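Order of the sequence lines fixes the chain letters, A, B, ..., with proteins taken first and strands second; residue numbering starts at 1 for each chain. Just so we're clear, the structure is a prediction, and the values are computed from it rather than from any experiment.
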Amino acid sequence: MSQPQLRQEFSRRAEAVSAVVKTVESLEDAFAQAARLTREQGGACLAAPGWEPGELAALQAACEREGLELITQGLRERAGQFHTGLTRAQWGVAETGTIVVDSASEDLRLATMLAEMHVAVLPAANLRADLFALEDEVNRTLGRAPGYLAFISGPSRTGDIELVLTLGAHGPRQLHILLLEESS
Amino acid sequence: MSRASRREYHQRLKEALDNRFLGQTLARFQGNYRGSREAGFAGMDFPALAAEVGAAKDAALGRLEELYEQFKAQAEAAGAQVHLAADAAHAREIIADIAAQTGSRRIVKSKSMTSEEIHLNRHLEAQGLQVTETDLGEWIIQLRGEGPSHMVAPAIHLSRSQVAELFTQVTGQKQDPEDIAALVEVARSRLRRAMLEADMGISGANFALASTGTIATVTNEGNARLVTTLPRVHVALVGLEKLVPDLNTALKILRLLPRSATGQLISTYVTWITGAVECAAAGGRKDLHIVFLDNGRLALSQDPVFSQALRCVRCGSCANVCPIFGKVGGHTYGHVYIGAIGLILTYFYHGREAARELVKNCLNCQACKVNCPAGIDLPGLIKKTAGLVMAEQGRPLKNQLMRRVLTNRPLFHFLLRRAYLAQKPLARGGRLIRHLPLFFAPDQEFRSLPVVAAEPLRDRWQRLAPRVSNPRLKVALFGGCLTDFVYPEQGEAMLKLLAGRDIQVDYPLGQSCCGLPAAMASEEETAREVARQNLAALEAEHYDYVLTLCASCASHLKHYPRLLADDPAWTQRAEHMAAKVIDLASFLQKEVGLEPVAGRGAKAAYHAPCHLCRGLGVHQAPRQLLQGAGYDYRPYEDEEVCCGFGGSYSLDFPELSAAILERKLKQVTATGAELLVTDCPGCVLQLEGGLDHRGSPIRVRHLAQALAEAQGK
Ligand code: SF4
Ligand code: SF4
């Protein structure tokens with residue numbers, strides 16, 4: 001599959017499982033979108049663990065613009081208080097609309113589990129056709145113990161009451177994937 | 001005692017059948033599932049992929065101990081503690097000890113069938129521990145004090161009103177049954193709190209990767225992630241059969257598991273945990289314990305026949321497609337494990353008493369088998385399990401009789417002829433017996449029964465069979481008991497269709513029952529003996545084809561090579577014969593090519609016999625022939641669902657046979673068909689008997705008859 005095809009298929013599949021996929025030109029753009037979404041939904045706090053110090057300045061600025069509190073660690077103590085979890089995703093899988101998030105860090109895990117909305121920034125260059133095309137990468141990650149690797153496809157859901165599909169069972173109610181176009 | 005447990009089981013079945021909500025929910029569930037599954041597998045070669053998973057699992061099962069050692073070394077190097085529990089009690093002890101040593105009082109769990117298997121909650125609660133299930137369905141049934149009724153959707157037997165009522169009690173606030181999102185919200189907020197406060201999380205695992213010591217969970221709700229992340233202690237309870245060598249094997253399974261379970265291409269969360277990860281609540285790293293459960297698995301993995309059962313990846317599909325599950329649900333169609341695989345595993349994990357009645361409750365319709373992503377021959381194993389139960393408690397009288405009668409063809413045929421005389425007065429001159437004296441066959445009133453023919457096909461043969469001087473094809477007809485002794489007219493219709501086409505058809509008189517009834521009654525030795533007799537009688541080497549009008553006979557004849565696999569003197573002969581077996585529709589399409597009939601014929605619905613569509617993989621031929629013969633073909637949704645006959649099944653489980661038949665006939669009637677066509681005399685018996693009993697004007701015809709009538713023959 002060519003890059004545009006991968007992107008198209010990934011978006012189609014991710015949207016089919018109720019994720020929202022958007023393209024962003026830069027990290028600044030991604031941060032701005034995450035902060036704006038948070039404010040629009042009435043959130044007051046954005047949790048963003050795992051970002052480099054150099055990147056945090058831009059994120060801090062975006063949060064300030066929207067009047068949000070930014071937290072980057074100690075998420076367990078703040079459970080229930082942050083609306084958004086903003087993380088990176090390492091890879092994307094076109095066949096199933098899946099993002100792969102290396103979440104060995106506890107804060108990173110909590111950001112993707114306890115937030116009402118999970119926003120993941122995924123470099124478009126890291127899209128693959130299917131899980132088998134990611135086998136080597138995943139194997140390498142599993143080999144770096146201890147580790148916690150998550151394949152995430154859409155927001156949390158349940159069909160346990162009369163098979164009626166309901167989003168947001170235990171995890172985030174929304175998943176936004178920001179496909180980052182820049183090559184870096 | 002055995003009678004009492006039989007009565008009790010049938011009582012429970014009756015209660016389930018009388019539960020209207022349950023019936024509706026299950027029907028909707030199975031209907032939705034069929035569509036979702038089909039969409040999930042669109043464009044994929046399912047049989048090939050299932051065979052691949054089966055082979056990969058078999059390879060792993062062949063070296064479980066080695067995989068366990070490898071896993072243990074890897075996981076412990078990554079900071080986990082790995083335990084091996086010999087049986088259920090041992091596993092419960094290990095987990096209770098971990099709770100005691102870590103001072104854990106509050107426990108949250110994500111869904112784990114293995115923990116259900118060992119009845120873990122009961123044990124932990126008896127130790128004064130507080131256990132909360134966090135999967136929504138599991139939480140619901142925990143609050144109700146029930147077990148799961150499905151391996152993937154544990155509360156599928158409950159309505160929204162029942163859940164709303166329950167949650168009203170739990171919260172003390174009135175809950176609206178129509179607002180399902182609000183009901184889910186109740187669980188979300190309650191359980192979030194429980195998970196934040198818990199000391200210990202217990203999860204299952206879908207895979208354990210020996211190469212890296214990784215365990216993986218596959219879930220939709222996300223509770224397994226919270227359960228494995230928030231509490232300071234994590235205990236994963238894992239059946240030994242979940243061990244796979246590496247990621248590649250796991251990915252192969254993962255490609256099929258969610259598609260088979262719900263039709264999803266992948267579940268929302270697939271989580272791979274390697275070792276003791278960072279955990280602030282534990283003051284650094286998680287206290288991770290991985291408890292492997294043997295409970296008979298190692299021994300089972302060494303069994304040449306039953307090790308297949310350990311391939312199961314717990315997708316639940318074998319329940320989703322089972323017509324019996326669709327009528328009664330999982331509380332009566334399983335013990336802890338549910339559906340076809342449950343019938344088998346109950347015997348091995350929970351013992352003979354729990355399995356005794358359950359394991360008989362299978363129509364052998366093959367629906368589970370063709371849908372199983374691990375390629376398990378579920379109905380075959382069910383019959384073999386029933387055989388084990390029988391061997392332990394002594395063969396019932398009727399099995400001993402069956403052996404005596406079936407292996408002695410002259411005696412068998414003598415008894416059939418005598419049956420004609422005995423039945424004659426009951427039929428009051430008609431072809432069907434409407435009311436049987438109750439002592440003869442209780443609960444059989446849901447359908448009329450056919451009368452044994454005055455003159456079986458074998459006696460008519462000399463008179464009817466065409467004499468062909470220079471045949472282009474030589475065909476041996478395998479009649480089977482029903483065509484021969486009950487429906488000889490179906491054989492006559494077939495002869496009319498083949499007349500004048502230079503085809504010689506012989507009826508080797510030494511042939512007897514195909515032996516399927518013996519196999520169904522777990523009388524394997526009888527089935528083998530009858531198979532050898534038929535092979536000798538048919539002399540298939542002299543023929544181009546062995547033709548049969550009975551789909552069940554055909555698929556059983558094709559099974560002879562496997563049946564006689566341990567008998568080298570016969571295997572080859574069986575293989576040669578099996579290769580020549582063909583059903584009527586395929587034979588007509590391949591070798592005859594009936595002339596199309598123009599004009600508008602009768603409105604005809606079709607019933608696909610299990611052993612034709614799934615047993616032989618014949619789907620389109622009969623429908624095409626009907627349309628070619630000018631019939632106004634009327635499709636309906638459940639065409640390929642079993643009619644509920646299942647041979648002696650309909651005698652042993654009349655209440656279910658009737659319920660499954662009812663569903664089929666309702667759909668057939670709704671098509672407006674005047675004619676119901678099928679190509680198996682067993683199905684004819686069931687369908688015709690059911691329609692006659694309802695006083696329906698719809699006529700039932702074997703495909704041979706329908707085609708001959710259309711041709712004006
Ligand atoms: S036996 Fe096959 S169909 Fe049934 S649950 Fe197991 S894997 Fe699924
Ligand atoms: S063979 Fe048919 S009746 Fe028997 S368990 Fe499988 S699906 Fe159910």
Side-chain angles (χ1 to χ4, degrees), chain A residues 13 16-18 73-77 79-80 93 95-98 100 103-110 112-114 130-132 134-136 138-139 141-173 175, chain B residues 25 28-29 32 74 77-79 134-137 140 153-156 158-160 163 180-181 183-184 187-188 191-192 196 209 211-214 220-223 225-226 229-230 246-248 251 254-255 262 264-281 285-286:
Chain A
R13 291 300 186 183
V17 291
S18 309
Q73 56 190 358
L75 267 55
R76 184 183 280 270
E77 303 307 317
V93 181
E95 186 197 11
T96 50
T98 301
V100 178
S103 12
S105 135
E106 181 178 58
D107 279 323
L108 205 133
R109 249 177 290 150
L110 294 174
T112 68
M113 295 177 194
L114 295 177
D130 58 27
L131 283 170
F132 291 94
L134 263 181
E135 207 179 317
D136 290 345
V138 172
N139 254 326
T141 315
L142 296 184
R144 278 198 305 271
Y148 199 111
L149 186 69
F151 297 177
I152 300 175
S153 313
S156 156
R157 68 197 54 218
T158 184
D160 274 356
I161 301 177
E162 288 195 15
L163 297 171
V164 177
L165 177 68
T166 313
L167 296 181
H170 285 294
R173 299 169 202 273
L175 173 64
Chain B
T25 315
R28 192 152 41 94
F29 172 51
N32 290 345
Q74 292 290 335
T134 63
D135 172 87
L136 174 56
I140 293 171
I156 187 63
L158 296 173
S159 69
R160 58 185 79 188
V163 176
I180 289 183
L183 295 174
V184 173
R188 180 183 168 100
L191 294 172
R192 178 68 59 92
L196 282 164
L209 273 51
S211 55
T212 51
T214 303
N220 277 325
E221 294 186 0
N223 57 319
R225 293 170 11 109
L226 290 160
T229 294
L230 291 173
D246 50 25
L247 177 69
N248 185 269
L251 290 182
L254 186 61
R255 179 163 53 184
T262 57
Q264 288 171 276
L265 305 188
I266 191 166
S267 302
T268 308
Y269 300 110
V270 182
T271 302
W272 310 82
I273 302 172
T274 315
V277 283
E278 192 191 339
C279 177
R285 283 171 81 176
K286 174 85 73 185

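With a 4.5 angstrom heavy-atom cutoff, A:Thr112 touches chain B via backbone and side-chain atoms both. Both the backbone and the side chain of A:Glu95 come within less than 4.5 Å of a heavy atom of chain B. Contact annotation for A:Thr98: only side-chain heavy atoms (C-beta onward) come within less than 4.5 Å of a heavy atom of chain B. If you measure heavy-atom distances from B:Val277 to chain A, the contacts under 4.5 Å come from both the backbone and the side chain. Both the backbone and the side chain of B:Leu251 come within less than 4.5 Å of a heavy atom in chain A. There is no contact between B:Gln74 and chain A, counting heavy-atom distances below 4.5 Å. Contact of B:Thr262 with chain A is not made at all, since no heavy-atom distance falls under 4.5 Å. Contact annotation for A:Arg144: neither backbone nor side-chain heavy atoms come within less than 4.5 Å of a heavy atom of chain B. Of the atoms belonging to B:Ala276, it is backbone heavy atoms, and not side-chain ones, that fall under 4.5 Å from chain A. Using a 4.5 Å cut-off between heavy atoms, A:Ser105 contacts chain B through both its backbone and its side chain. Residue B:Ala281 touches chain A through both its backbone and its side chain, counting heavy-atom pairs closer than 4.5 Å.
Considering every non-hydrogen atom in both B:Ala78 and A:Ala145, the closest pair reads CB-CB, 3.5 Å. In this structure, B:Ser267 and A:Ser153 approach most closely via the heavy-atom pair O-OG, 3.9 Å. Closest non-hydrogen pair, A:Pro146 versus B:Arg285, comes out as CG-NH2, 3.3 Å. What you find for A:Val164 and B:Ile180 is that their closest heavy atoms are CG2-CD1, 3.5 Å. Listed here is the closest heavy atom pair of B:Tyr269 and A:Pro172: OH-CD, 3.6 Å. Nearest heavy-atom pair across A:Ala79 and B:Leu196 is CB-CD2, 3.9 Å.
Considering only heavy-atom pairs separated by less than 4.5 Å from chain A, the leading option among B:Asp246, B:Ile140, B:Leu265, B:Ile156 is B:Leu265. When A:Gly147, A:Ala104, A:Gly171 are compared by the number of non-hydrogen pairs under 4.5 Å with chain B, A:Gly147 comes out ahead. Between chain B and the options A:Leu167, A:Asp107, A:Leu175, A:Ile161, heavy-atom pairs under 4.5 Å are most frequent for A:Ile161. Counting heavy-atom pairs closer than 4.5 Å to chain A, the top-ranked of the candidates B:Thr214, B:Asn32, B:Leu226, B:Leu254 is B:Leu226. Ranked by non-hydrogen atom pairs under 4.5 Å with chain A, the options B:Ala181, B:Pro154, B:Ser159 are led by B:Ser159.
Put simply, the residue from A:Val138, A:Asp136, A:Leu131 that forms a side-chain contact (heavy atoms from CB on, under 4.5 Å) with B:Leu247 is A:Val138. Tested against A:Tyr148 for a side-chain contact (heavy atoms from CB on, under 4.5 Å), the candidates B:Glu278, B:Lys286, B:Arg225 yield a single pass: B:Arg225.
To the nearest 0.5 Å, the span separating CZ on B:Arg255 from OG1 on A:Thr96 amounts to 12.0 Å.
Side chain of B:Arg192 to main chain of A:His170: a donor-acceptor pair is present (N/O by atom type, distance under 3.5 Å, no hydrogens or angles). Remark: the backbone N or O of B:Thr229 is not paired with any side-chain donor or acceptor of A:Arg109 at under 3.5 angstrom.
For the pair A:Val17 and B:Thr268, the minimum side-chain heavy-atom distance is 4.5 Å or more. When side chains are defined from C-beta on, A:Thr158 does not count as touching B:Asn220, because their heavy atoms never get closer than 4.5 Å. Looking at heavy atoms from C-beta onward, A:Leu110 lies in side-chain contact with B:Leu230 at the 4.5 angstrom threshold. No side-chain heavy atom of A:Leu149 sits under 4.5 Å from any side-chain heavy atom of B:Thr271.
Evaluation of the salt bridge (Lys or Arg N to Asp or Glu O under 4.0 Å) rule for A:Arg76 yields A:Glu106 as partners, not counting sequence neighbours. Partners of A:Phe151 under the ring pair (Phe, Tyr, Trp, His ring centres under 6.0 Å) rule, at least two apart in sequence or in another chain, are B:Trp272.
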